[in-house]
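Notes for the one structure printed next.
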Amino acid sequence: QVLLVESGGGLVQAGASLRLSCAASGGIFSSYGMGWFRQTPGNEQEFIATISWSGASTTYADSVKGRFTISRDNAKNTVYLQMNSLKPEDTGRYYCAERSLAVGSTRRVEYNYWGQGTQVTVSS
């Protein structure tokens with residue numbers, strides 16, 4: 001059974017940076033695409049970023065492009081989301097997810113495993 005555990009969230013002011021981590025266990029992390037999603041205070045589910053098994057291919061939502069960076073360390077079974085220039089509209093609960101294919105995906109339904117999430121709150 002795959003277990004994903006997110007960390008690194010918190011309360012920050014607009015313009016600050018945070019780095020989220022997602023540690024995976026119980027599966028073959030290095031073989032699969034990973035993604036980050038967020039649930040907004042209005043309960044909208046949004047795609048944030050995705051990365052292929054090797055890290056060579058990444059895709060971002062337009063709302064975070066140029067500010068957020070997804071990366072992974074397969075030796076540590078961990079995927080990261082570096083978030084810079086945070087805005088109040090970035091507030092939400094951030095979830096990492098793993099799919100059972102090597103490439104990433106922007107679609108929630110294509111992921112098989114989900115973490116419990118970590119809260120990010122950005123004040124203005």
Side-chain angles (χ1 to χ4, degrees):
Q1 182 71 15
V2 174
L3 179 65
L4 302 175
V5 179
E6 301 94 335
S7 61
L11 171 62
V12 296
Q13 290 190 327
S17 297
L18 282 174
R19 188 175 82 154
L20 305 184
S21 299
C22 172
S25 61
I28 309 174
F29 174 82
S30 60
S31 297
Y32 300 130
M34 300 292 295
W36 284 97
F37 294 79
R38 71 183 172 204
Q39 182 168 353
T40 68
N43 276 333
E44 291 185 14
Q45 306 281 347
E46 298 180 343
F47 161 75
I48 300 300
T50 186
I51 189 167
S52 63
W53 70 277
S54 66
S57 177
T58 58
T59 302
Y60 297 91
D62 287 343
S63 60
V64 306
K65 204 172 292 183
R67 299 188 298 123
F68 290 11
T69 302
I70 188 171
S71 62
R72 66 191 296 161
D73 184 338
N74 287 342
K76 295 183 178 180
N77 286 359
T78 302
V79 63
Y80 304 98
L81 186 67
Q82 177 67 43
M83 306 187 295
N84 299 330
S85 302
L86 282 161
K87 304 175 181 180
E89 50 265 43
D90 294 319
T91 293
R93 191 162 187 86
Y94 284 69
Y95 297 86
C96 71
E98 180 179 305
R99 65 189 308 231
S100 297
L101 290 174
V103 296
S105 173
T106 63
R107 303 181 65 211
R108 288 180 51 87
V109 296
E110 295 186 358
Y111 288 84
N112 303 95
Y113 302 101
W114 292 82
Q116 294 300 306
T118 185
Q119 180 67 33
V120 172
T121 304
V122 184
S123 63
S124 56

| For S52, does its backbone N or O pair with a side-chain atom of S57 as donor and acceptor, under 3.5 Å? | no

| query | Of all heavy-atom pairs between V79 and F29, which one has the smallest distance, and what is that distance? | reply | N-CZ, 3.9 Å

| All side chain to side chain contact (heavy atoms under 4.5 Å, CB included) counterparts of T58, not counting sequence neighbours | I51, Y60, I70

| field | ILVMFWY cluster membership beyond Y111 - transitive side-chain contacts under 4.5 angstrom | value | F37, F47, Y95, W114

| field | Backbone N/O of M34 and side chain of T50: donor-acceptor pair under 3.5 Å | value | yes

| message | Within the structure provided, determine whether P41 and T91 are in side-chain contact (heavy-atom separation under 4.5 Å). | response | yes

| note | Students should find that the hydrophobic cluster of L3, defined by side-chain heavy atoms under 4.5 Å apart, otherwise consists of V5

| request: Please collect all disulfide bond (SG atoms under 2.5 Å apart) contacts where either partner lies in residues 9-63, sequence neighbours excluded, each pair once. | output: C22-C96

| message | Once salt bridge (Lys or Arg N to Asp or Glu O under 4.0 Å) is applied, what residue pairs with a partner in residues 7-30 remain, sequence neighbours excluded? | response | none

| For the student: nearest non-hydrogen atoms of S124 and P88, plus distance | CB-CG, 3.8 Å

| query | According to the side-chain hydrogen bond (donor to acceptor under 3.5 Å, both in side chains) rule, which pairs have a member within residues 71-82, sequence neighbours left out? | reply | R72-N74, Q82-N84

| query | Looking at residues at least two apart in the chain, or sitting in another chain, which of them share a side chain to side chain contact (heavy atoms under 4.5 Å, CB included) with R67? | reply | V64, S85, K87, D90

| said: According to side chain to side chain contact (heavy atoms under 4.5 Å, CB included), who are the partners of L101, at least two apart in sequence or on a separate chain? | reply: R99

| said: Using 0.5 Å steps for rounding, measure from the OH atom of Y94 to the CD1 atom of I48. | reply: 5.0 Å

| message | Could you report the tightest heavy-atom contact between E6 and Q116, atom names first, then the distance? | response | OE1-N, 3.1 Å

| Do N112 and V2 have side-chain heavy atoms sitting under 4.5 Å apart? | no

| request: With sequence neighbours excluded, give me every salt bridge (Lys or Arg N to Asp or Glu O under 4.0 Å) pair touching residues 48-63. | output: D62-K65

| said: Just verifying a value: how many Å separate E98 CD and I28 CD1, rounded to the nearest 0.5 Å? | reply: 9.5 Å

| query | Which residues pass the salt bridge (charged side-chain N to carboxylate O under 4.0 Å, His left out) test with R108, sequence neighbours left out? | reply | none

| Shared hydrophobic cluster for L18 and V122 (ILVMFWY, side-chain gaps under 4.5 Å) | yes

| query | Is there any disulfide bond (SG atoms under 2.5 Å apart) pair reaching into residues 56-89, and which pairs are they, with sequence neighbours excluded? | reply | none

| message | Count I, L, V, M, F, W, Y as connected when their side-chain heavy atoms are under 4.5 Å apart, and connections chain through other members. Are V120 and L4 then in the same cluster? | response | yes

| task | Under the side chain to side chain contact (heavy atoms under 4.5 Å, CB included) rule, collect the residues that match up with E44, sequence neighbours excluded. | result | T40, E46

| Closest heavy-atom pair and its distance - G92, Q119 | O-NE2, 3.4 Å

